[in-house]
Amino acid sequence: MKIATWNVNSLKVRLPHVVDWLAANQPDALCLQELKCENSAFPLAEIEAAGYQAVFNGQKTYNGVAILTRQSLADVTHNIPGFADEQKRIIAGTLDGVRIVCGYFPNGQAVGSDKFAYKMAWLEALTAWLQDELKATPRLVLAGDYNVAPEDRDAHPDWKDEIHVSEPERAAFRRLINLGLTDAFRMFEQEERAFSWWDYRMGAFRRNFGLRIDHLLISAPLVEHCTACYTDKAPRKLERPSDHTPVVVELK
DNA sequence: ATGGCTTACGTGGTAAGA
């Protein structure tokens with residue numbers, strides 16, 4: 001099973017890239033973040049024409065998540081149960097016994113801000129919910145844009161802001177790991193300074209001035225089945241790219 | 001080397017992202 005995650009920064013703008021990427025890579029599931037469109041505007045016909053089904057949780061202008069699959073998902077969940085939130089950041093479904101959770105984690109803006117407090121509360125609610133999810137479905141993949149670079153090697157050395165690399169954010173990431181999850185990307189040898197996001201400005205991609213903030217965490221029963229995990233930088237080189245690359249995990 | 005992009009909304013200039 002091949003599962004990928006990709007923050008597309010507007011599905012409307014990136015739809016041609018998504019359709020091309022599906023054709024070229026044939027994932028079993030593609031988790032998307034930052035759709036930036038209402039459910040009524042979701043491009044379902046185009047996705048279906050590409051041979052995929054979709055479940056989605058969108059809103060106007062901001063946020064929004066979807067999972068595209070070739071086979072139907074079971075037990076689809078929208079948002080974190082019991083966590084009151086106007087922002088559409090979670091969708092989950094079960095594919096062939098694997099629980100796939102797709103998340104667009106809050107940005108946080110600046111350490112100490114109201115948005116940072118929301119980020120931390122959201123992470124706490126996610127962690128509590130996933131603890132239950134793992135009991136119900138031990139085979140689980142947590143895919144998405146975490147907006148956290150978990151270790152120093154996941155950020156360019158010249159990254160000066162605290163946001164995305166602060167200790168409270170990294171501690172929250174470790175609490176997810178401590179549920180029994182493994183960062184699939186780090187199971188395999190990777191190049192130095194391997195990132196998943198680069199700012200649009202200042203030639204950041206060309207200079208490889210980026211962060212690794214898009215992750216695929218897999219639960220313990222999946223670890224022995226995991227054969228590869230990698231980023232695909234090709235879409236970042238296209239015209240009008242998303243600022244994020246897809247990240248892919250392969251399970252056999 | 002951190003706003004110098006990009007997007008949505010809406011029709012000019014903000015807000016937000018990371």
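Just so it is clear: chains get the letters A, B, ... in the order the sequence lines come, proteins before strands, and each one is counted from 1.
A heavy-atom distance below 4.0 Å to DNA chain B is reached by these residues of residues 8-18 of chain A, ordered by number: A/Asn9, A/Ser10, A/Val13, A/Arg14.
Across the protein-nucleic acid pair, A/Lys88 atom NZ and B/dA16 atom P stand 18 Å apart, rounded to whole Å. Atom CE in A/Met202 sits roughly 4 Å away from atom C1' in B/dT2 (whole-Å rounding). Taking atom CZ of residue A/Arg201 and atom C1' of nucleotide B/dC5, one finds them 6 Å apart after rounding to whole Å. Atom CZ of A/Arg206 is separated from atom P of B/dT2 by 15 Å (rounded to the nearest Å). For A/Tyr62 and B/dC9, the OH to P distance is 9 Å, given to the nearest whole Å. Rounded to whole Å, the distance from CH2 on A/Trp159 to P on B/dG17 is 13 Å. If you take CG of A/Asp114 and P of B/dG17, they are 13 Å apart, rounded to a whole angstrom. The separation between A/Phe205 atom CZ and B/dA18 atom P is 17 Å, rounded to whole Å.
Between the side chain of A/His225 and the backbone N or O of A/Glu250, no donor-acceptor pair lies under 3.5 Å. Looking at A/Arg193, its side chain never comes within 3.5 Å of a backbone N or O of A/Pro157 through a donor-acceptor pair. A donor-acceptor pair under 3.5 Å is formed between the side chain of A/Tyr52 and the backbone N or O of A/Pro27. The backbone N or O of A/Asn107 lies less than 3.5 Å from a partner atom in the side chain of A/Lys119, making a donor-acceptor pair. Listed for the A/Ser10 side chain is a donor-acceptor partner under 3.5 Å among the backbone atoms of A/Val13.
Contacts of A/Leu211 with the nucleic acid, taken as non-hydrogen atoms under 4.0 Å apart, involve only primed sugar atoms and P, OP1 or OP2. Within the nucleic acid shown, A/Lys119 has no heavy atom closer than 4.0 Å to any nucleic acid atom. Looking at heavy-atom distances under 4.0 Å, A/Asp145 makes contact with sugar-phosphate atoms alone, never a base.
Of the P atoms belonging to B/dC5 and B/dG10, the separation is 25 Å, rounded to the nearest Å. For the C1' atom pair drawn from B/dG12 and B/dT7, the interatomic distance equals 16 Å after rounding to whole Å. For the P atoms, the distance from B/dT2 to B/dA16 is 23 Å, rounded to whole Å. Distance check on atom P: B/dG4 versus B/dT14 gives 14 Å, rounded to whole Å. Comparing the same atom, P, in B/dA15 and in B/dA1 gives a spacing of 30 Å after rounding to whole Å. When the P atom is used for both B/dA18 and B/dA8, the distance is 14 Å, rounded to whole Å.
You won't find any donor-acceptor pair under 3.5 Å spanning the side chain of A/Asn147 and the base of B/dA18, going by distance alone.
Within the cation-pi definition used here (under 6.0 Å to the ring centroid, within 45° of the axis), A/Arg212 does not qualify as a partner of A/Phe195. Seen from the ring of A/Phe173, A/Arg170 does not count as a face-on cation partner, given the 6.0 Å and 45° thresholds.
The phosphate of B/dA18 (OP1 or OP2) has a side-chain N or O of A/Tyr104 nearer than 4.0 angstrom. Contact between the side-chain N/O atoms of A/Asn7 and the OP1/OP2 oxygens of B/dG17 is not found at any separation under 4.0 Å. Put simply, A/Lys36 has no side-chain N or O that comes within less than 4.0 Å of OP1 or OP2 on B/dA16. Considering only side-chain N and O atoms, A/His244 lies under 4.0 angstrom from the phosphate OP1 or OP2 of B/dA18. Taking 4.0 angstrom as the limit, A/Arg240 places a side-chain polar atom (N or O) nearer than this to OP1 or OP2 of B/dT7.
Side chain of A/Phe209, nearest nucleotide from B/dT2, B/dA18, B/dA16: B/dT2. For A/Thr61, the listed nucleotide lying nearest its side chain is B/dC9; candidates were B/dA18, B/dC9, B/dT2.
Annotation for A/Glu167: atom CD counts as buried by contact number, over 12 foreign heavy atoms lying within 6.0 Å.
No option in A/Trp197, A/Tyr104, A/Phe105 other than A/Phe105 meets the ring-ring contact (aromatic ring centres under 6.0 Å, His included) test with A/Tyr146.
Take the nearest nucleotide of DNA chain B for A/Arg207 and for A/Asn107: the residue whose nucleotide is more 5' is A/Arg207. Mapped onto DNA chain B by nearest heavy atom, A/Glu38 and A/Trp197 fall at different nucleotides, with A/Glu38 at the one closer to the 5' end.
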